Q: 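Structure incoming, see below.
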Amino acid sequence: MIVRELELDLDAFEGPFDLLLALVLKEELGLRDVDLAAIVAAFLERLADREELDLEACGEFLVLIAALLELKARALFPEEEAELAELDPEEAAEELARRLVEYRRAKEAAVWLRERLASEGDRYFRLGPSPLAPKFEIPLAPRDPAELANVLRLLAKEPPDVSLSHMALRFPPVSQFLDRFRALLRRRSRFDFETEVAELTRLEQASAFLAMLELRRAGELAIDQAAPFAPIRVSRLAKENPVRDERTDAWTVRSA
Amino acid sequence: MDRPLRLIPTDPLDRLARTIEALLVVSSTPLPVEDLAAAADDAPERVEEALRLVADRFAEERSGIVLEHVAGGWAFRAGREEAEACARLFERPAQRNLSQAALETLAIVAYLGPCSRPDIARIRGVAADSAVANLLDRGLIAEAGRDSVAGGAIRYRTTPLFERVFGLESLSELPRLDDVGADAAEIRDRLHTVAERRSA
Amino acid sequence: MDRPLRLIPTDPLDRLARTIEALLVVSSTPLPVEDLAAAADDAPERVEEALRLVADRFAEERSGIVLEHVAGGWAFRAGREEAEACARLFERPAQRNLSQAALETLAIVAYLGPCSRPDIARIRGVAADSAVANLLDRGLIAEAGRDSVAGGAIRYRTTPLFERVFGLESLSELPRLDDVGADAAEIRDRLHTVAERRSA
């Protein structure tokens with residue numbers, strides 16, 4: 001099974017997985033609109049159709065979906081970028097899963113509300129006051145003027161300091177790694193992805209990963225993994241006639 | 001009409017009477033016969049006839065709900081015997097409470113002097129329309145001319161009733177807010193600064 | 001009590017039922033049993049009993065007016081059969097054309113309880129300002145104080161009107177969303193696997 005050719009039928013997108021990846025990388029498709037769980041479901045369905053477990057496909061899929069999740073996480077809470085970057089990967093994964101589940105629930109609940117609205121649509125009731133209801137002068141109980149001072153104090157309360165640390169946190173441009181990997185593959189025919197990015201920050205690793213996917217999509221390199229979770233080996237692909245997408249160098253992944 | 005078959009025998013006039021009951025219980029204004037006829041999709045004469053059935057069903061001493069013909073048309077009201085119970089209902093403490101939005105609006109108008117809705121919204125960070133309407137209704141604020149700038153929005157001030165409710169001889173007796181600002185201008189500046197930061 | 005002497009024989013429970021009818025017809029919101037009891041000056045158990053009489057009198061297909069338990073209280077509404085006639089006369093501003101964004105926001109507020117615009121934006125991944133303003137306008141959500149922790153952002157809750165429009169006896173009637181739980185566990189497991197791998 002070739003993961004890239006996995007056919008998807010989502011609300012926001014219909015087509016093969018690799019086209020979705022390309023559109024996301026080019027920012028032509030907002031990840032916010034993409035139901036990643038549905039992609040997982042589609043993959044699992046395909047997997048279930050096969051008699052043997054396709055370990056290679058599983059590994060590739062996991063890596064791809066993880067990258068998308070990370071990107072989506074950044075889109076879902078950009079203001080917490082710094083905070084999230086400081087979490088260790090396990091915490092970040094937990095936090096991300098929690099957010100995705102919450103959003104998923106909200107969407108499910110919205111569907112339920114819409115159905116409910118349709119089924120309860122024939123219940124009419126009065127929205128305003130009763131036309132002939134007696135008018136009563138409602139005496140107001142005495143109030144303490146300190147209440148007024150207190151609500152104004154709350155209104156004047158300094159909001160908590162907004163962390164500005166994320167201003168320094170730019171998503172490194174993918175193009176930087178496109179160049180770097182191309183240069184690397186001119187010198188060596190293959191390299192180990194993990195070793196190559198080991199010294200980088202998580203954000204840089206994410207960019208590097210996207211660059212690697214993009215180069216493979218363009219047919220400039222091949223990715224090989226002996227087994228799921230085994231090191232990802234990147235090797236040069238001899239290309240007779242390399243046609244480079246002109247936009248490639250210009251891409252940067254949006255920094256929130 | 002594709003109503004499901006029902007086993008309850010329905011005299012057509014009785015059917016129309018039920019429709020009229022429904023329309024009257026949903027309306028917040030008295031309904032003239034023409035409106036009832038248009039909504040029920042029936043003739044005004046038949047509606048008048050059906051109204052007699054409804055009036056018979058909802059009569060004083062027979063039902064707690066009474067059908068009444070007033071200037072604007074037909075409407076339900078509470079039976080006369082239930083006046084006491086209705087009075088107790090409307091005096092419920094819940095009706096007397098001021099919401100957070102109302103209290104904030106009141107505090108802003110009291111401390112800063114006449115303010116327009118946009119002024120209040122700017123400080124609160126959200127529209128204050130329903131709070132202002134509510135306070136006007138209760139007589140705690142009143143109109144105080146128009147803003148000379150800002151497109152001439154209506155400004156509001158607190159009323160003598162406000163001072164009575166809060167036990168103040170005058171606005172100068174409001175608790176001091178030195179920690180927020182020395183005078184109204186300073187307090188206003190401070191509130192604007194914080195509001196901008198909050199919405200950033 | 002100084003009620004005039006009347007010659008009509010009155011079963012006391014029937015008398016209480018009439019009072020309840022009157023209270024329900026003048027009230028703008030559903031009335032809980034306790035409020036009915038306080039206004040009728042009677043015991044809650046007796047009110048419950050009398051409510052059964054009223055429910056029997058005002059039942060679907062029997063009367064154009066129907067008694068229902070909704071939003072934590074009792075209220076009259078039009079019978080379902082009369083929806084067509086009602087639709088000719090009355091607008092339904094609260095429920096018309098609710099956008100997907102508004103429904104998701106409503107769902108978040110309903111399920112999480114009081115929450116602020118930043119809370120909603122965090123879950124939906126996009127700013128919620130216009131959806132919140134829209135729901136406030138329709139009266140489906142209302143302010144519920146300020147978040148004292150997160151910079152005093154205003155928090156919102158659903159209103160009784162929300163429960164009424166959606167025909168809910170209370171918020172606890174919202175369905176549990178367990179069915180997404182399985183997916184959630186799966187997503188979490190997979191993320192953990194990847195996380196472990198990356199941190200190794």
Side-chain angles (χ1 to χ4, degrees), chain B residues 1 3-4 6 8 10 15-28 31 35-36 38-42 54 57-58 61-66 76-92 94 99-101 104 124-127 129-131 194 197-199, chain C residues 1 3-4 6 8 10 15-29 31 35-36 38-42 54 57-58 61-66 76-90 117 132-133 136-137 139 142-146 151-156:
Chain B
M1 295 225 262
R3 293 236 175 74
R6 285 180 309 110
I8 295 168
T10 42
R15 181 78 200 72
L16 180 57
R18 293 223 303 267
T19 302
I20 290 169
E21 289 168 12
L23 293 167
L24 291 176
V25 92
V26 173
S27 180
S28 47
L31 293 174
D35 285 8
L36 288 169
D41 198 18
D42 214 320
V54 180
R57 211 173 286 169
F58 296 98
E61 316 228 325
R62 188 169 303 164
S63 153
I65 305 171
V66 174
F76 283 133
R77 64 166 169 82
R80 283 196 199 93
E81 291 200 324
E82 321 302 343
E84 246 180 87
C86 291
R88 278 193 292 265
L89 180 72
F90 286 106
E91 281 165 11
R92 277 178 307 167
S99 67
Q100 173 79 9
E104 285 178 5
R124 295 196 58 232
V126 287
D129 296 4
S130 70
V194 174
R197 294 199 49 186
R198 190 178 288 129
S199 65
Chain C
M1 292 221 265
R3 291 235 178 76
R6 284 179 308 108
I8 293 169
T10 41
R15 181 77 200 72
L16 180 57
R18 292 221 304 269
T19 303
I20 290 170
E21 289 169 11
L23 292 169
L24 294 177
V25 93
V26 296
S27 177
S28 309
T29 54
L31 294 173
D35 287 11
L36 286 167
D41 197 17
D42 213 319
V54 180
R57 214 171 285 169
F58 296 98
E61 316 225 327
R62 186 170 304 165
S63 155
I65 303 172
V66 170
F76 283 137
R77 61 164 168 83
R80 286 179 187 261
E81 286 200 324
E82 318 303 340
E84 217 179 301
C86 289
R88 290 195 199 102
L89 202 55
F90 305 109
R117 278 187 276 193
V132 166
L136 278 169
D137 255 10
E143 289 185 25
R146 284 180 187 269
I154 291 176
R155 303 202 296 172
Y156 301 93

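Lettering of chains follows the sequences in order, A, B, ..., and the numbering in each one begins at 1. FYI, side chains are in, hydrogens and waters are out, and symmetry mates aren't considered; it's all heavy atoms of this structure. Given the structure is predicted, the values throughout are model-derived calculations rather than measurements.
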Q: Select, from S99(B), A22(B), G125(B), A38(B), the one with the greatest count of heavy-atom pairs under 4.5 Å involving chain C.
A: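 When all of S99(B), A22(B), G125(B), A38(B) are compared, A22(B) has the most.
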Q: How about E81(B) and R15(C): do any of their side-chain heavy atoms sit closer than 4.5 Å?
A: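 SC-SC contact between E81(B) and R15(C) confirmed.
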Q: Looking only at heavy atoms, which two atoms of V126(B) and E143(C) are closest? And how far apart?
A: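 Nearest heavy atoms, V126(B) then E143(C): CG2-OE2, 3.4 Å.
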Q: Could you look at L31(B) and say if it's the side chain, the backbone, both or neither that has a heavy atom under 4.5 Å from chain C?
A: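 Side chain only.
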Q: Could you state the interatomic distance from CD (E21(C)) to CZ (F76(B)), rounded to the nearest 0.5 Å?
A: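 E21(C) CD to F76(B) CZ: 10.5 Å, rounded to 0.5 Å.
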Q: Which distance, rounded to the nearest 0.5 Å, do you find between the CG of D137(C) and the CG of D129(B)?
A: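 One finds 8.5 Å between CG of D137(C) and CG of D129(B).
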Q: Identify which part of R124(B) has an atom lying under 4.5 Å from any heavy atom of chain C, answering side chain, backbone, both or neither.
A: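 Its backbone and side chain both get close to chain C.
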Q: Where on A40(B) is there a heavy atom nearer than 4.5 Å to chain C: the side chain, the backbone, both, or neither?
A: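 Looking at A40(B), just its backbone touches chain C.
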Q: Within this structure, what is the CD1-CD distance for the pair I154(C) and E104(B), rounded to the nearest 0.5 Å?
A: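 Those atoms lie 6.0 Å apart.
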Q: Roughly how far, to the nearest 0.5 Å, is CD1 of I65(C) from CD1 of I20(B)?
A: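 So the gap between those two atoms works out to 11.5 Å.
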Q: Specify which of S27(B), A17(B), G79(B), S130(B) makes the most heavy-atom pairs with chain C at under 4.5 Å.
A: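 Maximum pair count with chain C is reached by S27(B).
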Q: So for V25(B), is it side chain, backbone, both, or neither that comes closer than 4.5 Å to the heavy atoms of chain C?
A: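 The side chain, not the backbone.
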Q: What distance do Q100(B) atom CD and R155(C) atom CZ have between them, rounded to the nearest 0.5 Å?
A: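 Going from CD on Q100(B) over to CZ on R155(C), the span is 10.5 Å.
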Q: Taking S28(B), S63(B), A78(B), A39(B) one by one, which has the highest count of heavy-atom pairs under 4.5 Å against chain C?
A: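 Greatest number of close heavy-atom pairs with chain C: A39(B).
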Q: Which heavy atom of D41(C) sits nearest to which heavy atom of R88(B), and what is that distance?
A: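 Taking every non-hydrogen atom into account, CB-NH2, 3.5 Å.
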Q: Please classify the contact between R117(C) and chain B as side chain, backbone, both or neither, with a heavy-atom cut-off of under 4.5 Å.
A: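 The side chain, not the backbone.
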